[in-house]
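These notes are about the structure you will find just below.
In the text below, chain A, chain B and the rest are named by the order of the sequence lines, each starting its count at 1. Worth knowing before you read on, the calculation uses all heavy atoms, side chains too, and leaves out hydrogens, waters and symmetry mates.
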Number of protein chains: 2
Amino acid sequence: MKFAKIPMATIVRLSIYMRTLQELLEEDIEVISSERLAKQCGVNPAQIRKDLAYFGEFGVRGVGYRVNDLVNQIKDILGLNRPWNLAMVGLGNLGSALIRHGNFIKHGYVFTAAFDADPQKIGKRLPNGLVINHVSELEEVVREREVHVGIIATPANDAQSVANQLVLAGINGILNFAPVQIQVPDCCHVENVDFTIKLDSIAYHLSFGS
Amino acid sequence: MKFAKIPMATIVRLSIYMRTLQELLEEDIEVISSERLAKQCGVNPAQIRKDLAYFGEFGVRGVGYRVNDLVNQIKDILGLNRPWNLAMVGLGNLGSALIRHGNFIKHGYVFTAAFDADPQKIGKRLPNGLVINHVSELEEVVREREVHVGIIATPANDAQSVANQLVLAGINGILNFAPVQIQVPDCCHVENVDFTIKLDSIAYHLSFGS
DNA sequence: CTAACTATGTGATATTATTCACATCTCAGC
DNA sequence: GCTGAGATGTGAATAATATCACATAGTTAG
């Protein structure tokens, strides 16, 4: 499936295209041109064609792209035509909200484990039926339930230690909500979600035009 | 403060440098070289120096950067040496968790308004003392309380309509947590936080190495 | 005061990413 | 079946970004 060295930015855009295409599908739009799709995604039409060209030819010249087909093809490209199991670590405000949040399920991600360090929370049942485990059981439970991706929603101070444990448990993908740069071996891929950094960008733009 | 055309990526990195520097400060480290800082932030040392060079000379040759000074200088660069008022729109799981989340306050952001469409929630008082207003009052309240940045944490379907109202109320910065591409006039700067897109990237990496 | 050392700031270079522009292919209508 | 309109796929051109490499300047020790 993967031929050359693919820009990371391309992968991110493919996700965005997919989201937009899924919306179009709900509006019963069957075919779309790169031009119209580009407009909706806020990118250049050639960009879309280039991004897709890394992986093959998915369009029909003179016509455009069949929305339904393209969604499935992007899913293949990204490896989304299979289930991915998630573990949430840290069930404070943010972790609890995320685990309740419908978007993960909507896109085929399933929580199969949840951890916290607070003894008060251990054994409690979450709305989705999951029981909270103590973080000391992380390695065992992660292996047992075949978790693929760990989500860190702990305070900043605990993030690195949790990351270490996840790596030890054989996890190769981490989504990190803690506002620190965590260090992991090369085999593990980390994506950071830090909304205060995004706010800083906004502050900069508001302060100095753009 | 701003001289040439600054890459967006530079602005994002400046935020990251600042976060790391603030940690160093708590460890009583007073001076740091671009090399050591780069390692902690996971970037190239020359990158740091170039990023800073856009805005002036902040280091001491042969020595490095004074951590405390650099934090303040980056704050100046980003426009963070002043308060920024936020409005949360949408107080479901995510919105409620975010408004409780300590990181905004820690970095000088203050919620001065909160909105929801659910009549049941109107008038309720949040832990930080804010009373929830109905979204129909958005324009009025936003102007009254001098909100600078709107945060959208509504379902995807409502996001565009909320964005329109925020723009109408004179807002120029939006942090969008809804998983849709919202369309706004050029005067308004939007940053998106979509964690399922990040998960997609992780899925891709896990599927096809990298 | 001088010399050795160290880390910045920056021009030159290399790399990567985006956009353009057009040849190529498909479909619809006659 | 042929023709014209329309949209893809892609090599070439451009733009943006990151890295290298070194001259420069500050610091410290003798």
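A/I48 places its CD1 atom 12 Å from the C1' atom of D/dT8, with the value rounded to the nearest Å. Spacing between atom CG of B/L52 and atom P of D/dT17 amounts to 17 Å, rounded to whole angstrom units. Distance CZ (A/R36) to P (D/dA7): 10 Å, rounded to an integer number of Å. Taking atom CG on A/N44 and atom C1' on D/dA7, their separation rounds to 14 Å, with Å as the unit.
A salt bridge is absent between A/E23 and A/R19: the closest approach of a Lys/Arg side-chain nitrogen to an acidic carboxylate oxygen does not fall below 4.0 angstrom. Residues B/E139 and B/R143 are paired through a salt bridge, judged by an N-O separation under 4.0 Å between the basic side chain and the carboxylate.
Using a 4.0 Å cut-off on heavy atoms, none of the residues of residues 18-35 of chain B approach DNA chain D.
Of the side-chain N and O atoms in B/Q47, one or more sit less than 4.0 angstrom from OP1 or OP2 of D/dT19. Between D/dG9 and A/Y65, a contact under 4.0 Å exists linking OP1 or OP2 to a side-chain N or O.
Taking both residues in full, the closest heavy atoms of B/N103 and B/H107 are given as O-ND1, 3.1 Å, listed atom of the first, atom of the second, then distance.
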field: Sugar-phosphate or base contact per nucleotide [nucleotides 21-30 of chain D; S, B, -; heavy atom under 4.0 Å]
entry: B--BBSS---

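With hydrogens and angles disregarded, a donor-acceptor distance shorter than 3.5 Å links the side chain of A/Q183 to the backbone of B/Q40. Side-chain atoms of B/N85 come within 3.5 Å of backbone N or O of B/E146 as a donor-acceptor pair.
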- request: Check step by step if side-chain contact (heavy atoms from CB on, under 4.5 Å) holds for B/H189 and B/I174.
  value: CA-CA 6 Å; B/H189 182 85; B/I174 294 178; over 6 Å; no

side-chain hydrogen bond (donor to acceptor under 3.5 Å, both in side chains) between B/N164 and B/Q160, intermediate numbers included: CA-CA 6 Å; B/N164 296 345; B/Q160 182 61 58; 2.8 Å; yes

- request: Evaluate side-chain contact (heavy atoms from CB on, under 4.5 Å) for B/M8 paired with A/S201, printing each intermediate quantity in order.
  value: CA-CA 8 Å; B/M8 194 55 209; A/S201 294; 3.5 Å; yes

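A distance of 7.0 Å separates CG of B/N192 from NZ of A/K198, quoted to the nearest 0.5 Å.
Here A/R13 lies in heavy-atom contact (under 4.0 Å) with sugar-phosphate atoms only.
Between A/F111 and A/F104, the ring center distance clears the sub-6.0 Å criterion. The distance between the ring centers of A/F195 and A/F177 does not fall below 6.0 angstrom.
Donor-acceptor pairing under 3.5 Å, judged by distance alone, is present between the side chain of B/K50 and the base of D/dT19.
For DNA chain C, the outermost nucleotides in 5' to 3' order that have an atom under 4.0 Å from a heavy atom of chain B are C/dT6 to C/dA12.
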